[in-house]
Amino acid sequence: QVQLVESGGGSVQAGGSLRLSCAASGYTYSRYCMGWFRQAPGKEREGVAIIFTGSGTTNYADSVKGRFTISQDNAKNTLYLQMNSLKPEDTAMYYCAADFRPSYCRLSASKYNYWGQGSQVTVAS
């Protein structure tokens, strides 16, 4: 069965960096979408960054462009999110997700049907 296991969350000061990892297993697809999403208390889950594994094409939320980088290691079936210049408003629970039957990759959480357990990121001001 599909399993996504996240790691790398923690607490940092504003301006700091953090790298999240998501180890994926239990599937054989080669062209699919993977993404990072986040949810803060009282807010909707929002898309942060996505990647299409077939081409490496990425897309980012405007709020993180220039600061966050999504990448993948196909050999390890691992997804990463490098987070630089962190801001207090980045504080949230971060989730990795997969969409194995995409028409195209989206930043909408509703289009993803496999999720990791979440990793808390807290950015102090």
Side-chain angles (χ1 to χ4, degrees):
Q1 65 186 63
V2 175
Q3 185 176 29
L4 305 176
V5 180
E6 302 176 27
S7 61
S11 298
V12 297
Q13 294 184 329
S17 298
L18 208 59
R19 191 185 196 190
L20 302 179
S21 299
C22 176
S25 62
Y27 60 91
T28 59
Y29 301 99
S30 60
R31 295 183 176 88
Y32 56 94
C33 301
M34 293 196 73
W36 289 97
F37 300 81
R38 66 186 182 187
Q39 187 168 23
K43 296 185 177 180
E44 296 289 328
R45 187 169 298 185
E46 63 176 345
V48 175
I50 55 172
I51 186 168
F52 177 57
T53 64
S55 64
T57 300
T58 60
N59 194 21
Y60 297 88
D62 289 341
S63 60
V64 307
K65 286 182 178 177
R67 300 189 297 120
F68 291 9
T69 302
I70 187 172
S71 62
Q72 62 181 15
D73 185 332
N74 291 334
K76 297 181 179 180
N77 283 348
T78 301
L79 180 73
Y80 302 98
L81 183 67
Q82 179 66 47
M83 309 164 69
N84 298 327
S85 301
L86 283 162
K87 304 175 180 179
E89 50 263 46
D90 294 318
T91 295
M93 185 73 73
Y94 283 70
Y95 302 87
C96 64
D99 176 5
F100 295 120
R101 295 184 177 180
S103 298
Y104 50 88
C105 294
R106 306 168 177 84
L107 277 170
S108 174
S110 65
K111 302 301 181 181
Y112 292 76
N113 45 21
Y114 293 96
W115 294 85
Q117 79 284 359
S119 185
Q120 179 67 39
V121 172
T122 302
V123 184
S125 60

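Source: prediction; values computed, not measured.
- Ring geometry, Y29 versus Y27: the interplanar angle falls under 30°, so the pair is classed parallel (tilted spans 30 to 60°).
- When side chains are defined from C-beta on, R45 counts as touching Y95, because their heavy atoms get closer than 4.5 Å.
- Looking at T78, its side chain never comes within 3.5 Å of a backbone N or O of D73 through a donor-acceptor pair.
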Return all side-chain donor-acceptor pairs below 3.5 angstrom for residues 96-103, not counting sequence neighbours, or 'none' if the list is empty.
{"from": "D99", "atom 1": "OD1", "to": "R101", "atom 2": "N", "distance (Å)": "3.2"}

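- Atom CG of L81 and atom CD1 of I70 lie 6.5 Å apart (nearest 0.5 Å).
- Hydrophobic clustering, with ILVMFWY side chains joined whenever heavy atoms are under 4.5 angstrom apart, groups V123 together with L20.
- One hydrophobic cluster holds both V64 and V121 under the rule that ILVMFWY side chains link at heavy-atom gaps under 4.5 Å.
- In summary, D90 and K87 do not engage in a salt bridge, as defined by a charged side-chain N under 4.0 Å from a carboxylate O.
- The two atoms that bring P88 and S125 nearest to each other are CG-CB, 3.7 Å, heavy atoms only.
- In terms of modelled atom types and a separation under 3.5 Å, the side chain of E46 and the main chain of F37 share no donor-acceptor contact.
- The distance from the CD atom of Q120 to the CZ atom of R38 is 12.0 Å, given to the nearest 0.5 Å.
- The OG1 atom of T58 lies 9.5 Å from the NZ atom of K65; values are rounded to the nearest 0.5 Å.
- When every heavy atom of S71 is checked against every heavy atom of R19, the shortest pair comes out as OG-NH2, 4.5 Å.
- To the nearest 0.5 Å, atoms OG (S119) and CE (M93) are separated by 7.5 Å.
- L107 is not connected to M83 by any chain of hydrophobic side-chain contacts under 4.5 Å among Ile, Leu, Val, Met, Phe, Trp and Tyr, and they are in different clusters.
- Side-chain N or O atoms of Y60 include none that pairs as donor or acceptor with a backbone N or O of G66 at under 3.5 Å.
- With hydrogens and angles ignored, the 3.5 Å screen pairs no side-chain donor or acceptor of S85 with any backbone N or O of R67.
- Between the side chain of Y80 and the backbone N or O of T69, no donor-acceptor pair lies under 3.5 Å.
- Note that R31 lies outside the cation-pi zone of F52, set by a 6.0 Å cut-off to the ring centre and a 45° limit from the axis.
- With T91 contributing its side chain and E89 its backbone, the two residues share no donor-acceptor pair below 3.5 Å.
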Where do I51 and L79 land on the side chain to side chain contact (heavy atoms under 4.5 Å, CB included) test, with the steps shown first?
CA-CA 9 Å; I51 186 168; L79 180 73; 3.8 Å; yes
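- A donor-acceptor pair shorter than 3.5 Å can be found between the side chains of S17 and N84.
- Note: C22 SG to Q117 CD = 8.0 Å, rounded to the nearest 0.5 Å.
- Between atom OG of residue S11 and atom CG of residue L86 there is a gap of 11.0 Å, rounded to the nearest 0.5 Å.
- Hydrophobic clustering (ILVMFWY, side-chain heavy atoms < 4.5 Å, transitive): W36 and M34 are in one cluster.
- Side chain of W115 to main chain of L4: no donor-acceptor pair is present (N/O by atom type, distance under 3.5 Å, no hydrogens or angles).
- The cluster map of Ile, Leu, Val, Met, Phe, Trp and Tyr, joined by side-chain heavy atoms under 4.5 Å apart, puts Y104 and V48 in different clusters.
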